[in-house]
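Everything below concerns the one structure shown next.
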Amino acid sequence: MQLTEREEGGVAILQPKGKIMGGPDATILREKIHDLVSDKKLRVVIDLSKVDWMNSNGLGILISGMTTLRDNQGDLKLANVTDKIQSLLTITKLITVFEAYDSVEEAVSSFGARA
Amino acid sequence: MQLTEREEGGVAILQPKGKIMGGPDATILREKIHDLVSDKKLRVVIDLSKVDWMNSNGLGILISGMTTLRDNQGDLKLANVTDKIQSLLTITKLITVFEAYDSVEEAVSSFGARA
Amino acid sequence: MSQAPRDSRRLVIPSEPARIAQADEFIEKALREHDLPDGLVSDLAIAATELVNNAILHGNKKDPSKSVTILVEFSSGVVMIRVEDQGAGFDPSAVPDPLAQENLLREVGRGIFIVRSLMDDLTFERVPGGGMAVVLRKSYDPA
Amino acid sequence: MSQAPRDSRRLVIPSEPARIAQADEFIEKALREHDLPDGLVSDLAIAATELVNNAILHGNKKDPSKSVTILVEFSSGVVMIRVEDQGAGFDPSAVPDPLAQENLLREVGRGIFIVRSLMDDLTFERVPGGGMAVVLRKSYDPA
Ligand SMILES: Nc1ncnc2c1ncn2[C@@H]1O[C@H](COP(=O)(O)OP(=O)(O)O)[C@@H](O)[C@H]1O
Ligand SMILES: Nc1ncnc2c1ncn2[C@@H]1O[C@H](COP(=O)(O)OP(=O)(O)O)[C@@H](O)[C@H]1O
C-alpha cells in the first residue's frame, strides 16, 4: 500500500493505493491519522478508488482511523468504495458503521462548511 | 522512554521508564497498544512508577491508549501515579478521566476475575 | 472435461509481519498461471493473506525463528491453500462473532469470518508435534 | 544577595521530532549547572519541551531544512527559555480551552496550558521575517 494526501475545503483526503493486506500497512495509516490529529485536521476522507483489494487488516485500519478521529471530535468518511470492498463491508455489517459517498466531492461537502 | 511489558492475572502491565517528552515515545506506545488489541489483551495497566516526568505528549499517549482500548471493549488504568504526574492530571482535569490506583496489584484486581 | 495435472507449490517464510507481501506474490503468481479470473484471484488472495497473517501473528507470535509454510495445490478444478504455523494452536469455535453489535467497532476479529464467506471450505487441523494448519478450498473453471 | 553574572546559551536543531531529547539534555544541563532543585528542573524541562515540540511540529511542520533555536538565559534569579521557529506563526488566543468538557478526551491541545500553569510568565512574539518566538520565564533561588 502507498498513501498520498491532499486537502480540499479544509478536509484531508487520504488515497491508499494497491493492496491493503497487513504488515506495515496499518502502521503507516495509523501514524498518518495521528499526524492529522496533531495538526487538528480532523475531517478526513479515505478515497478507496485506487485500492485493488483489502483483507480484514484494511477494514481494521478504517475502523481505527474512524474511532481515533471521532475520539478527537473529528470524523472519517469513505469515498469511491469499489464493488469488492463494498461486498466485504456488507458481509461484515460494517456498511452500517461507515458513512460512504460515491465521490470525493460528495464526501468532502458532507462535512459542511469549513470549521 | 523505555517500555517493558509483563502479564499478571490476565492483565497486561506496561511500565514506561524515563521521561515521556515526545518524538518516538508516542509511536512506541501506540504500536504496543495495537499489538495488545490484536492479541486480545484488552485489560491494560500503565505502571507510572518509573516515569521521571512527562509533558502533554505523555498525557496524550495515555488518553489515546485508553480510548483505543475502550473502542475495542477493553480498558486502561493507571498505577503508581507520581506526585508530579498527579499534579499534571489535576490541572488538566484528566484526573476525572482516568481510573488510578496506588499499586499495580490494586489496578489489576480492579479488573475483576479473569475473562 | 480434461483433468489438469496436479500442481503443488510450497513457500516457507519466517514469521515477520512484513513477509505478507511475499506470501501474497507467491500465491497470486500460482493462481494467474492457472488462468484464474481476476475476481477469483483477489478473493483467494484476501482469504490466503488472512491465514498467513494469523499464522505469523497469532500462531508464531512474530517469532522470526518460527516459520510459516504455505502450500498451494491445484487439482480437478479445486485450488487448495494450506497455511501451517508452529504455534500453540487454537479452538476456532471459540472465536467471537464479529457481527455481534458489541464487536462491530473492534479493529480485529473478522479474518476467519471473511475466509469462510469467500471460500467454499475452511478446515483446521492440529499438526502432530504442535502448530496449526488451516486449509481453504475454492473451485474454479480449469482452462 | 549577590547577583549571578548573566549566562546565555544557545542550541540550534533541525526540525526532526527525535531531536526533542537533545533539546531536553541541553536545557537540563544548563539548569543543573545553576544548581536549580530537581523539582524546578523537571517543571522547566516539561515546559520547554512543550515549546520545542510545538516549534518542530506546528511551526516548522517537521521540515528538517528549517531550524529551531533554543536560548536559555539566567539573570537575577530568573531563568528565561526562548524557542524560535521559522513557521507561519499563530494566534495564541485562538487555542481552544483544553479544560472544556468536549476537549477532555482529545489527545492534543494541552501544551500551552501546561506551560502557563507551571511557569511565571509566557509570551509570544512574531519574529521579523516570519516565524514565532515563544518565551517562558521562571524565578529561582540563585545559589
Ligand atoms: N494460526 C492461529 N494460531 C493461533 N490462534 C489463531 C490462529 N488463527 C486465528 N487465531 C485466533 O483466532 C482469532 C480470530 O482470528 P481472525 O478471525 O482471523 O481475526 P483477527 O486475526 O483479526 O483477530 C485470533 O484473534 C486468534 O486468537
Ligand atoms: N510554534 C507554533 N507555531 C504555530 N502554531 C503553534 C505553535 N505552537 C502552538 N501552535 C498552535 O497552538 C495549538 C495548541 O498548542 P498546544 O497547547 O501546545 O497543544 P498541542 O501542541 O498538543 O496541539 C497547536 O495545535 C497549534 O495549532
Which one wins on heavy-atom pair count under 4.5 Å against chain B: [options]?
options                : value
D:L105, D:V115, D:V108 : D:L105
D:S42, D:A18, D:A21    : D:S42
D:L104, D:D24, D:I114  : D:D24

Please check if the number of heavy atoms outside [X] that lie under 6.0 Å from its [atom1] is greater than 12.
X      : atom1 : answer
B:K17  : NZ    : no
D:D141 : CG    : no
D:D91  : CG    : yes
D:E25  : CD    : no
D:R9   : CZ    : yes

[X] versus chain D, the contacting section by heavy-atom distance below 4.5 Å:
X     : value
B:I61 : neither
B:M54 : backbone
B:T96 : side chain

With a 4.5 Å cut-off on side-chain heavy atoms, are B:L94 and D:R110 touching?
yes
Within the structure provided, determine whether D:D38 and B:W53 are in side-chain contact (heavy-atom separation under 4.5 Å).
no
To the nearest 0.5 Å, what is the distance between [atom1] ([X]) and [atom2] ([Y])?
X      : Y      : atom1 : atom2 : value
D:E107 : B:N57  : CD    : CG    : 10.0 Å
B:N55  : D:L118 : CG    : CG    : 10.5 Å
D:I46  : B:L88  : CD1   : CG    : 5.0 Å

Which atoms form the tightest heavy-atom contact between D:S117 and B:I91, and what is the distance?
CB-CD1, 3.5 Å
May I ask you to say whether B:K19 pairs ionically with D:E28, meaning some side-chain N is under 4.0 Å from a carboxylate O?
yes
Heavy-atom proximity to chain B below 4.5 Å, by part of D:R106:
backbone
Can you say whether D:A47 sits under 4.5 Å from chain B via the side chain, the backbone, both, or neither, judging by heavy atoms?
neither
Heavy atom to heavy atom, less than 4.5 Å: which residues from residues 52-64 of chain D reach chain B?
D:N53
Closer than 3.5 angstrom, by distance alone: can the side chain of B:K84 be matched with the main-chain N or O of D:G39 as a donor-acceptor pair?
yes
D:E50 side chain vs B:S56 backbone, donor-acceptor pair below 3.5 Å:
yes
